[in-house]
Protein chains: 2
Amino acid sequence: MQNDIEAQEPFTRSLISSARMWRRYLDLVFRDLELSQARWSVLFELSQNEEVTQVELARTLGIEAATLVRQLDGLEDAGLIERRPSATDRRAKTLHLTKAAYPLIEKMEEMSATSRTEILEGISQQDLRIATKVLSRITARLENLSSGEN
Amino acid sequence: MQNDIEAQEPFTRSLISSARMWRRYLDLVFRDLELSQARWSVLFELSQNEEVTQVELARTLGIEAATLVRQLDGLEDAGLIERRPSATDRRAKTLHLTKAAYPLIEKMEEMSATSRTEILEGISQQDLRIATKVLSRITARLENLSSGEN
DNA sequence: TGCTAATAGATGCAAGGCTAATTAGTGTGA
DNA sequence: TCACACTAATTAGCCTTGCATCTATTAGCA
């Protein structure tokens with residue numbers, strides 16, 4: 001079934017290092033805006049789906065809730081988001097973008113799309129679709145593995 | 001040419017988060033050996049290609065030389081590698097595995113292969129090959145972009 | 001009802017990554 | 001040959017992430 005195990009090793013290396021390099025490149029691109037890739041992804045996710053709680057947001061981002069706390073602290077200090085007490089659960093807080101966030105998000109989305117196109121240039125839509133499918137599957141699998149048998 | 005730009009966004013997200021999760025999983029798997037994914041990848045690369053200098057190794061790993069320094073410090077403290085002065089350039093040092101490293105590398109390679117198979121289970125060789133190709137291409141592209149236009 | 005489990009958010013600490021700056025050594029062009 | 005630019009390794013300081021732990025609150029069950 002897995003008779004081509006050798007082919008798997010380069011995959012891991014490419015995955016981890018390309019992700020790191022991509023992140024680094026985005027940090028560079030966003031530098032003038034004083035925001036990192038990490039914070040940008042929080043803002044972007046919120047713009048797609050506001051009013052969520054921190055745990056929910058952390059889950060969709062695939063990071064720990066504790067990690068998110070710091071990003072939110074920074075974004076709140078920068079006046080880009082607000083935490084409001086949840087109406088239904090006094091432990092929880094819901095997250096909201098401020099007015100200041102919208103133009104920034106728009107600009108970052110542009111910059112991010114531009115570099116994406118730049119980086120993915122020359123890769124066929126077909127291949128990209130397959131690669132995306134493979135990566136999603138891996139994410140799902142790792143989610144199971146990490147939580148399941150802990 | 002890029003008439004399906006929308007399809008690119010999910011790719012970035014999947015890439016960055018699957019890489020993060022994969023790394024986390026490997027850290028967990030290696031925990032008993034007191035080594036992390038980061039250090040393991042240094043050892044593995046050295047086992048493929050010994051006698052290189054730090055800059056060279058950093059380049060093949062896709063990390064900054066400054067980042068590598070700390071990994072090497074740790075590996076040297078653990079008695080797994082040695083830094084020796086280069087014969088041809090007094091600024092440079094060449095890297096070497098110690099005898100203690102080999103059995104450890106073998107064991108880690110096994111563990112790493114096992115989890116790889118586990119994670120990639122159910123993905124066709126064909127798709128995996130395409131995904132690998134896409135990732136390598138991205139790595140190459142990012143290398144150009146980051147160095148080229150500073 | 002009242003005790004115990006689980007959950008939401010926050011905090012402390014360590015690892016890994018990056019950039020900027022420092023030190024030592026090479027190389028090159030006038 | 002000598003001054004200046006470049007390169008190899010290192011250090012310091014910052015950000016992102018993770019795990020472990022804590023507090024407050026909720027929810028489940030006896």
Side-chain angles (χ1 to χ4, degrees), chain A residues 16-32 34-42 52-59 61-78 81-95 142 146-147 150, chain B residues 16-31 34-42 52-59 61-78 81 83-95 142 146-147 150:
Chain A
I16 294 183
S17 76
S18 61
R20 184 169 44 228
M21 292 169 78
W22 193 309
R23 162 191 274 292
R24 191 200 310 182
Y25 189 61
L26 280 187
D27 282 343
L28 184 74
V29 167
F30 290 149
R31 180 174 287 187
D32 291 340
E34 314 232 317
L35 272 175
S36 60
Q37 184 276 335
R39 293 198 180 169
W40 146 244
S41 71
V42 172
V52 293
T53 66
Q54 301 188 187
V55 199
E56 286 162 357
L57 181 55
R59 185 162 307 133
L61 288 171
I63 61 179
E64 297 294 314
T67 300
L68 181 59
V69 168
R70 273 82 171 214
Q71 301 303 344
L72 294 176
D73 290 346
L75 290 170
E76 205 170 27
D77 286 350
I81 64 147
E82 271 179 27
R83 289 189 248 222
R84 300 189 198 143
S86 158
T88 59
D89 185 338
R90 274 189 297 166
R91 290 168 305 177
K93 300 173 183 172
T94 57
L95 301 170
L142 281 167
S146 300
S147 66
N150 170 26
Chain B
I16 294 183
S17 75
S18 61
R20 185 170 43 228
M21 293 169 78
W22 193 310
R23 159 188 278 287
R24 193 199 315 181
Y25 189 62
L26 280 186
D27 282 343
L28 185 75
V29 167
F30 290 148
R31 181 174 284 188
E34 315 233 315
L35 273 175
S36 59
Q37 183 277 334
R39 293 198 179 169
W40 145 246
S41 71
V42 171
V52 293
T53 66
Q54 301 188 188
V55 200
E56 286 162 358
L57 181 56
R59 185 163 307 133
L61 288 172
I63 62 179
E64 296 296 314
T67 301
L68 181 58
V69 168
R70 249 190 272 149
Q71 301 304 340
L72 295 176
D73 288 347
L75 290 169
E76 206 170 27
D77 286 350
I81 64 148
R83 289 189 247 222
R84 300 188 199 144
S86 158
T88 58
D89 185 338
R90 274 189 297 164
R91 290 167 305 179
K93 300 174 184 172
T94 57
L95 301 169
L142 281 166
S146 300
S147 68
N150 171 29

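Numbers restart at 1 for each chain; the letters A, B, ... are given by sequence-line order, proteins then strands.
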With side chain to side chain contact (heavy atoms under 4.5 Å, CB included) as the criterion, how do B:Ser18 and B:Met21 come out once you've worked through the C-alpha distance, each side chain's angles and the decisive distance to 0.1 Å? CA-CA 5 Å; B:Ser18 61; B:Met21 293 169 78; 5.7 Å; no
Reckon B:Arg70 has a side-chain N or O less than 4.0 Å from the OP1 or OP2 of D:dT11? no
Taking the nucleotide of DNA chain C with the closest heavy atom to each, which residue, B:Arg91 or A:Arg24, is nearer the 5' end? A:Arg24
Hey, are the side chains of B:Leu35 and B:Leu75 touching, using non-hydrogen atoms and a 4.5 Å cut-off? yes
Hey, is the side chain of A:Arg83 poking within less than 4.0 Å of OP1 or OP2 on C:dG9, counting only N and O atoms? no
Tell me what A:Val69 touches on the nucleic acid: a base, only sugar-phosphate, or nothing, going by heavy atoms under 4.0 Å. base
Round to the nearest Å and state the distance from B:Arg39 atom CZ to C:dA14 atom P. 14 Å
Between the base of C:dG9 and the side chain of A:Arg84, is there any donor-acceptor pair under 3.5 Å? no
Spacing of A:Arg59 atom CZ relative to D:dG18 atom C1', expressed in whole Å: 17 Å
Look at the side chain of B:Gln54 and decide which nucleotide, out of D:dT17, C:dA8, D:dA9, has an atom nearest to it. D:dA9
Assign each of A:Ala66 and B:Ile63 to its nearest nucleotide of DNA chain C by heavy atoms, then name whichever residue's nucleotide is nearer the 5' end. A:Ala66
For the student: nearest non-hydrogen atoms of B:Arg39 and B:Arg70, plus distance: NH2-O, 4.5 Å
NA contact type, A:Asp89, heavy-atom cut-off 4.0 Å: base, sugar-phosphate, or nothing? sugar-phosphate
Any strand is fair game: report the nucleotide pairing with C:dA5 by Watson-Crick or G-U wobble, both distances under 3.5 Å, or none. none
Hey, mind stepping through B:Leu95 and B:Arg83 against side chain to side chain contact (heavy atoms under 4.5 Å, CB included) and telling me if it holds? CA-CA 5 Å; B:Leu95 301 169; B:Arg83 289 189 247 222; 3.6 Å; yes
A:Arg59, CZ atom: more than 12 neighbouring heavy atoms under 6.0 Å: no
Glycosidic conformation of C:dA5, syn or anti, with 90° from 0 as the boundary? syn
Within the 4.5 Å heavy-atom criterion, are A:Leu28 and B:Ser146 side-chain neighbours or not? no
Is the phosphate of C:dA15, meaning OP1 or OP2, less than 4.0 Å from a side-chain N or O of B:Gln37? no
State whether B:Ser36 places a side-chain N or O below 4.0 Å from either non-bridging phosphate oxygen (OP1 or OP2) of C:dG16. yes
Any side-chain N or O of B:Thr67 under 4.0 Å from OP1/OP2 of C:dC18? yes
Rounded distance (Å) that lies between atom C1' of D:dC15 and atom CG of A:Leu68: 15 Å
On DNA chain D, nearest-nucleotide positions of B:Ala92 versus B:Asp73: which is more 5'? B:Ala92
Tell which nucleotide pairs with D:dT26, taking only Watson-Crick or G-U wobble pairs whose two distances are both under 3.5 angstrom. none
How many whole angstroms separate atom CE of A:Met21 from atom C1' of D:dT16? 19 Å
Which nucleotide in C:dG25, D:dG18, C:dG17 has an atom nearest any side-chain atom of B:Gln71: C:dG17
Among the nucleotides C:dT26, C:dG17, D:dT17, which one has an atom lying closest to any side-chain atom of B:Arg23? C:dG17
Roughly, in whole Å, what's the span from CD in B:Glu64 to P in D:dC14? 19 Å
If I take atom CZ in residue A:Phe30 and atom C1' in nucleotide D:dC14, what distance separates them, rounded to the nearest angstrom? 19 Å
Which heavy-atom pair separates A:Ala58 from A:Leu68 by the least distance, and what is that distance? N-CD2, 3.6 Å
Identify whether any heavy atom of A:Ala38 sits under 4.0 Å from a base atom; if not, whether one sits that close to sugar-phosphate; answer base, sugar-phosphate or nothing. sugar-phosphate
Would you say C:dA8 has OP1 or OP2 under 4.0 Å from some side-chain N or O of A:Thr53? no
Rounded to whole angstrom units, what separation is found between the CD1 atom of A:Ile16 and the C1' atom of D:dT16? 16 Å
Calculate the interatomic distance between A:Arg31 atom CZ and C:dA20 atom P; express it in whole Å. 5 Å
Nearest of C:dT19, D:dT16, C:dC18 to any side-chain atom of A:Arg20? C:dC18
